[in-house]
Amino acid sequence: MKVVITRHLPNDVTKELVDNFDVVMWGKENEPIPRKQLLEEIKDADGLFTNVADQIDYELLERAPKLKVISTMAVGYDNIDINEARNRGIMVGHTPGVLTEATADLTFALLMAAGRRIVEGMDVIRQNEWNSWGPFFLTGQGIYRKSIGIIGMGRIGLSVARRAKGFQMDILYHNRSHNKEAEEELNATYCELEELLTKADYIVLLAPSTKDTYKMIGKAEFVKMKQTAVFINTSRGTNVDEEALYHALQSGEIFAAGLDVFDQEPIDSEHPLLKLRNVTALPHIGSASIETRIEMARLACENLLNGLKGQPLVHEVK
Ligand SMILES: NC(=O)C1=CN([C@@H]2O[C@H](COP(=O)(O)OP(=O)(O)OC[C@H]3O[C@@H](n4cnc5c(N)ncnc54)[C@H](O)[C@@H]3O)[C@@H](O)[C@H]2O)C=CC1
Ligand SMILES: O=C(O)C(=O)CO
């Protein structure tokens, strides 16, 4: 059987796949396999090892009559046409859990960086703009004992809430259903979205990208936030209306934003959002700790191996 791997991975991670299957692996780690080449290689493939940056759509699936398993090295699978895969009897595996703590760390780092203007401070030094200590020079928003509103209280949301508890923050959340663990362990309060937006000092978006969450934070939502609010998005860029976000940041409707994800990735370096001093932007590195990425790659390999051997996947998207 043939397996296509769309990014270069370490040999010790792919060993079992290489020992058992005919593996075609793209040679570069940080550059995507050209679409044309992927469409060619997929024609006789039984398994596909992919990630958030590949579009696994109708066109690709239509060209892959033998495909049995798609395994993504990610928890989010919005880049995969799940319905089409299901119609064709193709199993889809993903990697929930192993990346939760790394992504929560990065989310909290962004929250602190945006609130306390950390990257802006570095820029000021680099640009030789640091003249003196000033009473209100580079002052930002406090974090300790402030409130945090988490939209999407799932695995990562709960781990972010645990970090917030360490800062004695008041935890509000909005979710599809009540999260008992968050309420009992952290005294988190369930809110309707509107209430969360008006009350929270820090607003953290961690819901998946679905048709219900598409641009769920837009003009109407930013207007409801406090002028001192700091907005953090580590979910997916498509969950936010970026034009409305730009306007809210530029006009002072909100204080700052910390963004790890964008509507178009990679974001163009000339994008208006990146011109704003009150934006802290990162290139989709939420889960990028070395140990977490290795665990994700191993789990994705295990999903693929299991599927191709006719065994249940460790984590199958249902
Ligand atoms: N920036 C990065 O590198 C990373 C980003 N992510 C993103 O984070 C997302 C969350 O991951 P997990 O916490 O593991 O998933 P999860 O499934 O455990 O949590 C998602 C939560 O969002 C809630 N939700 C769904 N639709 C909602 C809506 N319309 N309104 C409010 N809440 C809603 C769900 O009920 C669930 O509790 C992923 O889907 C992915 O998009 C995940 C890992 C790394
Ligand atoms: O897992 C995900 O969904 C990511 O965005 C990358 O870790």
Side-chain angles (χ1 to χ4, degrees), residues 6-7 30 49-54 56 71-80 82 92-111 149-163 172-183 188 190-197 200 203-218 221 232-240 257-263 265-267 280-300 303 315-318:
T6 66
R7 290 293 185 287
N30 301 319
F49 186 113
T50 184
N51 63 74
V52 294
D54 299 322
I56 311 303
S71 179
T72 185
M73 186 179 150
V75 62
Y77 44 82
D78 44 287
N79 59 315
I80 303 172
I82 296 293
V92 179
H94 68 146
T95 62
V98 295
L99 46 61
T100 296
E101 300 305 337
T103 309
D105 284 343
L106 193 283
T107 304
F108 214 81
L110 257 183
L111 178 155
I150 298 174
I151 303 165
M153 185 63 98
R155 286 171 293 249
I156 303 169
L158 181 63
S159 286
V160 169
R162 289 193 175 117
R163 283 154 180 74
L172 313 173
Y173 76 99
H174 177 71
N175 202 40
R176 278 184 310 185
S177 55
H178 280 254
N179 185 317
K180 286 266 169 298
E181 216 176 335
E183 291 181 8
Y190 180 88
C191 293
E192 289 308 324
L193 185 58
E194 183 169 345
E195 190 187 352
L196 181 149
L197 296 173
I203 294 165
V204 177
L205 185 52
L206 272 164
S209 165
T210 65
K211 59 176 177 7
D212 297 330
T213 59
Y214 182 72
K215 294 196 180 177
M216 73 181 288
I217 305 297
E221 287 69 33
I232 307 299
N233 186 15
T234 37
S235 60
R236 286 291 184 267
T238 46
N239 293 350
V240 176
L259 309 169
D260 185 44
V261 287
F262 302 90
D263 196 354
E265 294 185 3
I267 187 171
T280 306
L282 294 174
H284 200 148
I285 54 167
S287 63
S289 77
I290 297 164
E291 55 272 48
T292 296
R293 284 291 168 85
I294 290 172
E295 276 192 79
M296 289 162 68
R298 285 196 200 288
L299 178 52
N303 278 333
H315 289 289
E316 185 174 353
V317 176
K318 292 287 184 192

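This is a predicted model, so every value here is computed, not measured. Counting starts at 1 for both ligands and their atoms, following the listed order. For reference, positions follow the sequence shown, starting with 1.
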Quick one: which ligand 1 atoms are inside 4.0 Å of a heavy atom on [X]?
X    : answer
S287 : 3 (O)
S235 : 5 (C), 7 (C), 41 (O)
T103 : 4 (C), 43 (C), 44 (C)
T234 : 1 (N), 2 (C), 4 (C), 5 (C), 6 (N), 7 (C)

* Which class fits the ring pair Y190 and Y173: parallel under 30°, tilted 30 to 60°, perpendicular over 60°? -> perpendicular
* **Closest approach of any protein heavy atom to atom 20 (C) of ligand 1, naming residue and atom** => P208 CD, 3.7 Å
* To do: Tell me which protein heavy atom sits closest to atom 4 (C) of ligand 2, plus the residue, atom name and distance to 0.1 Å.
  => H284 NE2, 3.6 Å
Under 4.0 Å from any heavy atom of [X], which atoms of ligand 2 are there?
X    : value
V52  : 4 (C), 5 (O)
A74  : 1 (O), 2 (C), 3 (O)
V75  : 1 (O), 2 (C), 3 (O)
S287 : 6 (C), 7 (O)
L99  : 1 (O), 7 (O)

Test item: [X] and [Y] side chains (from C-beta on) under 4.5 Å apart, heavy atoms:
X    : Y    : result
M73  : R298 : no
S287 : M296 : yes
E291 : I294 : no
T234 : L205 : no

Just heavy atoms, cut-off under 4.0 Å: does [X] contact ligand 1 by side chain, backbone, both, or neither?
X    : result
V75  : side chain
R236 : side chain
T213 : side chain

* For A74, does its backbone N or O pair with a side-chain atom of T95 as donor and acceptor, under 3.5 Å? -> yes
* Is R163 reaching over with its side chain to a backbone N or O of S159, donor-acceptor style, under 3.5 angstrom? -> yes
* Asked: Do ligand 2 and G76 have nitrogen or oxygen atoms that lie under 3.5 Å from each other?
  -> yes
Between [X] and ligand 1, is there a nitrogen or oxygen pair with a distance under 3.5 Å?
X    : value
D78  : no
S177 : no
D212 : no

* M296 to ligand 2, any heavy atom closer than 4.0 Å -> yes
* side chain to side chain contact (heavy atoms under 4.5 Å, CB included) partner of M216, chosen from I151, T210, V240 -> I151
* Identify which of N175, L205, I156 has a heavy atom lying nearest to atom 8 (O) of ligand 1. => I156
* Asked: Who's closest to atom 17 (O) of ligand 1 heavy-atom-wise, of M153, K211, R155?
  -> R155
* For the residue pair T238 and D263, confirm or rule out a side-chain donor-acceptor distance under 3.5 Å. => no
* Which one holds for R236 and ligand 2: side chain close, backbone close, both close, or neither close, with close meaning a heavy atom under 4.0 Å? -> side chain
